[in-house]
Asker: 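Following this message is one structure expressed as structure tokens.
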Amino acid sequence: MSEKLTPKDITQCISALIARNKLWAGKDIQCYYITNKTAGCFTNKKKSKHYKKLFNDAEKEAIQYPSCAKSITNKIFATEYAGHGKDLANAVLAELIATYEPGNECIIVAAGGDGTSLEVQTSLYLAAQNEPKKREMIMNHITLLRLPLGTGNDGTDGHSVEETIELLKGPLVFQNIKALKIYPEGKHTEEDIKALKKDPKKYTNLNYDAPWYCFNIVSLGLDAYVVYMTNTVKQRLPGNFYHLCVPLSGLIYDKDFPTGTAKIEYYNENGVKTDEDTAPITLLAIGASGYRVYGGGHKILPDERNVCFTPKVTLARLIKDNNKFVDGSYIKTDIATLHSADKVRIFYDKAILLQADGEVTMLCKEDFPLVVEKTEPCIRIVTSV
């Protein structure tokens, strides 16, 4: 028997927990697992061995109790290339619609890193926007479970595997969640794109033809640079290098990205501007709601407000107060301000990095003004009562 975690270990555990949760009592359940075999949870020997024990122990405990589901079936899929999670989610959705019968409950489990989770969620969200039949299925009959098997675990159901297991043991309710839609306010012309492509320093992988989405937090500035550095380091030395990369990034960030002055406008759900900041920017983080964390549980949005703005700070202050962004205590200092907003417009005239649920994109001045706004609730998840 392999000492490392396998998709089968995950399937047996999660299915055992789901079948014994009263939320699905008397239901015929179809579970689809979208896994990423290159994720650290499968490839890192120490981490994989730890996860295997957690899943196996939880399964052994669960099967001691009777199942309350009418039936449960499982299918496992593995991603083979970048973007494959989207393709698999679309294929699963098509199959679920074709085979759906009243009384069925469908569950899609994203079992990989942050990228896998983001691909699956984006695919489901876009499908719901394009076809009413798919929207009805996604909002009312399909539940998405996002396992915390990556490095950052941004927007997963539980910040750790232990938390997810405890979540599935307890009383649950369904909840449809909002996403964040991110897009340049002014559409790029073909001439703009051709000009950008001629200059590798300016050209980005931004999709100019459509918005893109995230489901936890989008951030600009130093934080996105830290994510970029962390992802770069972990490719060579797997592990959680967040605390190492914060001071390291602070030392070289200004050289790579000279600070410019940002104007940030905050709007409520009625489209009325409620506040504005104009200052050199260190960090801007926007959540789909308040009470959001990232990077392994760091409380960047520790209360009901969903926007954190940090103006330019010195490296010494950054190192000194970094821990306050981990536990959320920065709200008691003057290092940052918090706002509530349904829409944020960002004006900037320099290149800057943006991260959305752990995926990093380079923006150039032609991408501004940039808009980040909440969507209507769509994808269905489970949450504790």
Side-chain angles (χ1 to χ4, degrees), residues 1-2 5-37 39 41-42 51-52 54-80 84-112 116-117 119-121 123-124 127-128 133-149 156-158 161 164-165 167-174 379-382:
M1 179 184 292
S2 171
L5 178 72
T6 67
K8 186 177 180 180
D9 294 318
I10 296 173
T11 302
Q12 291 177 332
C13 173
I14 298 301
S15 298
L17 292 168
I18 288 171
R20 286 156 180 82
N21 194 290
K22 292 182 180 179
L23 183 64
W24 292 283
K27 299 292 185 179
D28 291 308
I29 307 168
Q30 299 169 274
C31 288
Y32 290 76
Y33 294 79
I34 298 178
T35 66
N36 178 2
K37 62 187 178 182
C41 60
F42 297 116
Y51 284 152
K52 185 181 184 75
L54 288 177
F55 282 114
N56 289 348
D57 288 349
E59 181 203 355
K60 290 176 183 177
E61 180 184 346
I63 60 177
Q64 295 179 35
Y65 302 92
S67 171
C68 60
K70 185 178 179 181
S71 68
I72 187 165
T73 59
N74 301 299
K75 290 187 179 181
I76 303 174
F77 300 91
T79 59
E80 300 292 342
H84 197 191
K86 291 182 180 180
D87 296 338
L88 288 173
N90 282 328
V92 167
L93 177 59
E95 180 173 331
L96 289 175
I97 290 175
T99 60
Y100 178 74
E101 294 182 3
N104 283 9
E105 278 293 334
C106 312
I107 300 171
I108 297 177
V109 182
T116 303
S117 179
E119 286 183 5
V120 172
Q121 290 183 95
S123 176
L124 293 177
K133 188 174 183 178
K134 290 181 178 179
R135 181 179 182 85
E136 199 277 333
M137 191 75 179
I138 289 166
M139 292 189 67
N140 300 311
H141 304 293
I142 295 175
T143 301
L144 178 64
L145 181 62
R146 305 156 298 178
L147 296 183
L149 298 174
T156 52
D157 299 298
V161 171
T164 300
I165 290 170
L167 173 73
L168 294 176
K169 288 180 182 179
L172 299 172
V173 293
F174 295 121
I379 292 173
R380 188 174 74 164
I381 64 167
V382 290

Asker: Considering residues at least two apart in sequence or located in another chain, which fulfil the side chain to side chain contact (heavy atoms under 4.5 Å, CB included) criterion with Ser123?
Answerer: Lys86, Ala89, Asn90
Asker: Apply side-chain contact (heavy atoms from CB on, under 4.5 Å) to residues Thr35 and Ile10 and explain how you reach the verdict.
Answerer: CA-CA 10 Å; Thr35 66; Ile10 296 173; 5.5 Å; no
Asker: Any pair with a residue in residues 11-22 that passes salt bridge (charged side-chain N to carboxylate O under 4.0 Å, His left out), sequence neighbours left out, goes on the list, sorted by first then second residue, please.
Answerer: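 Applying salt bridge (charged side-chain N to carboxylate O under 4.0 Å, His left out) to every pair that reaches into residues 11-22, excluding sequence neighbours, yields nothing.
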Asker: Heavy atoms only: give me the nearest Tyr51-Val161 pair and the separation to one decimal.
Answerer: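 The pair with the smallest heavy-atom distance is CE2-CG2, 3.5 Å.
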Asker: If you measure from NZ on Lys70 to CD1 on Ile72, what distance do you get to the nearest 0.5 Å?
Answerer: 14.5 Å
Asker: With sequence neighbours excluded, what pairs up with Glu105 under the side-chain hydrogen bond (donor to acceptor under 3.5 Å, both in side chains) test?
Answerer: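 By the side-chain hydrogen bond (donor to acceptor under 3.5 Å, both in side chains) rule, Glu105 matches Arg380.
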Asker: Please identify each residue that fulfils side chain to side chain contact (heavy atoms under 4.5 Å, CB included) with Ala25, with sequence neighbours left out.
Answerer: Cys68
Asker: Do Thr156 and Leu147 come within less than 4.5 Å of each other through their side chains, counting heavy atoms only?
Answerer: no
Asker: For Lys75, what residues pass the side chain to side chain contact (heavy atoms under 4.5 Å, CB included) criterion, not counting sequence neighbours?
Answerer: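 For Lys75, the residues satisfying side chain to side chain contact (heavy atoms under 4.5 Å, CB included) (neighbours in sequence not counted) are Tyr32, Phe77, Glu95.
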Asker: Tell me if a side-chain donor or acceptor on Asp157 pairs with a main-chain N or O of Arg146 at a distance below 3.5 Å.
Answerer: yes
Asker: Check whether Glu119 reaches the backbone of Gly85 with its side chain - one donor and one acceptor, N or O, closer than 3.5 Å.
Answerer: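 Pair found, side chain donor or acceptor close to backbone of Gly85.
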Asker: Residues in salt bridge (charged side-chain N to carboxylate O under 4.0 Å, His left out) with Lys8, at least two apart?
Answerer: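 Per chain and number, Lys8 pairs via salt bridge (charged side-chain N to carboxylate O under 4.0 Å, His left out) with no residue.
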Asker: Kindly indicate whether the side chain of Lys27, heavy atoms from C-beta on, has any atom under 4.5 Å from the side chain of Asn104.
Answerer: no
Asker: Once rounded to the nearest 0.5 Å, what's the spacing between atom CG of Leu149 and atom OG of Ser117?
Answerer: 10.0 Å
Asker: Can you tell me how far apart CD (Glu59) and OG (Ser15) are? Round to the nearest 0.5 Å.
Answerer: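 Going from the CD atom of Glu59 to the OG atom of Ser15 covers 9.0 Å.
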Asker: Do Val173 and Leu23 have side-chain heavy atoms sitting under 4.5 Å apart?
Answerer: no
Asker: Indicate the atoms forming the closest heavy-atom contact of Asn21 with Gly170, along with that distance.
Answerer: ND2-O, 2.8 Å
Asker: Can you see whether Asn74 engages Thr11 through a side-chain donor-acceptor pair at a distance of less than 3.5 angstrom?
Answerer: no
Asker: Going by side-chain hydrogen bond (donor to acceptor under 3.5 Å, both in side chains), name the residues that satisfy it together with Ser67, two or more places apart in sequence or in a different chain.
Answerer: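 Once residues adjacent in sequence are excluded, Ser67 has no partner under the side-chain hydrogen bond (donor to acceptor under 3.5 Å, both in side chains) criterion.
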Asker: Between Pro148 and Thr164, is any pair of side-chain heavy atoms under 4.5 Å apart?
Answerer: yes
Asker: Where is the tightest heavy-atom contact between Ile108 and Val92, given as atom of each residue plus distance?
Answerer: CD1-CG1, 3.8 Å
Asker: Can you list the residues that meet the side chain to side chain contact (heavy atoms under 4.5 Å, CB included) rule with Asn140, with sequence neighbours excluded?
Answerer: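 By the side chain to side chain contact (heavy atoms under 4.5 Å, CB included) rule, Asn140 matches Glu136.
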Asker: Could you check whether any side-chain heavy atom of Ile142 comes within less than 4.5 Å of a side-chain heavy atom of Leu93, counting everything from C-beta outward?
Answerer: yes
Asker: Using only atom types and a distance under 3.5 Å, with no angle test, would you say the side chain of Asp9 pairs donor to acceptor with the backbone of Lys52?
Answerer: no
Asker: So does His84 get a backbone contact from the side chain of Thr79, meaning a donor-acceptor N/O pair under 3.5 Å?
Answerer: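 Here the side-chain-to-backbone pair does not exist.
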Asker: With a 4.5 Å cut-off on side-chain heavy atoms, are Phe174 and Ile381 touching?
Answerer: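 In short, these two side chains do not touch, never coming nearer than 4.5 Å.
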Asker: The criterion is salt bridge (charged side-chain N to carboxylate O under 4.0 Å, His left out); which residues satisfy it with Glu80, sequence neighbours excluded?
Answerer: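 Glu80: salt bridge (charged side-chain N to carboxylate O under 4.0 Å, His left out) contacts with Lys37.
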Asker: Compare all side-chain heavy atoms of Ile29 with those of Ile18 and state whether any distance is below 4.5 angstrom.
Answerer: yes
Asker: Please list, chain by chain and in numerical order, all residues satisfying side-chain hydrogen bond (donor to acceptor under 3.5 Å, both in side chains) with Tyr65, sequence neighbours excluded.
Answerer: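 With neighbours one apart ignored, the set is empty.
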Asker: Does Trp24 reach the side chain of Ile107, with side-chain heavy atoms less than 4.5 Å apart?
Answerer: yes
Asker: Just to verify, what does Asp57 make a salt bridge (charged side-chain N to carboxylate O under 4.0 Å, His left out) with, not counting sequence neighbours?
Answerer: Lys53
Asker: Identify, with sequence neighbours excluded, every residue that meets side-chain hydrogen bond (donor to acceptor under 3.5 Å, both in side chains) alongside Glu61.
Answerer: Lys169
Asker: Could you tell me which non-hydrogen atom of Ile14 sits nearest to which non-hydrogen atom of Phe55, and how far apart they are?
Answerer: CD1-CE2, 4.1 Å
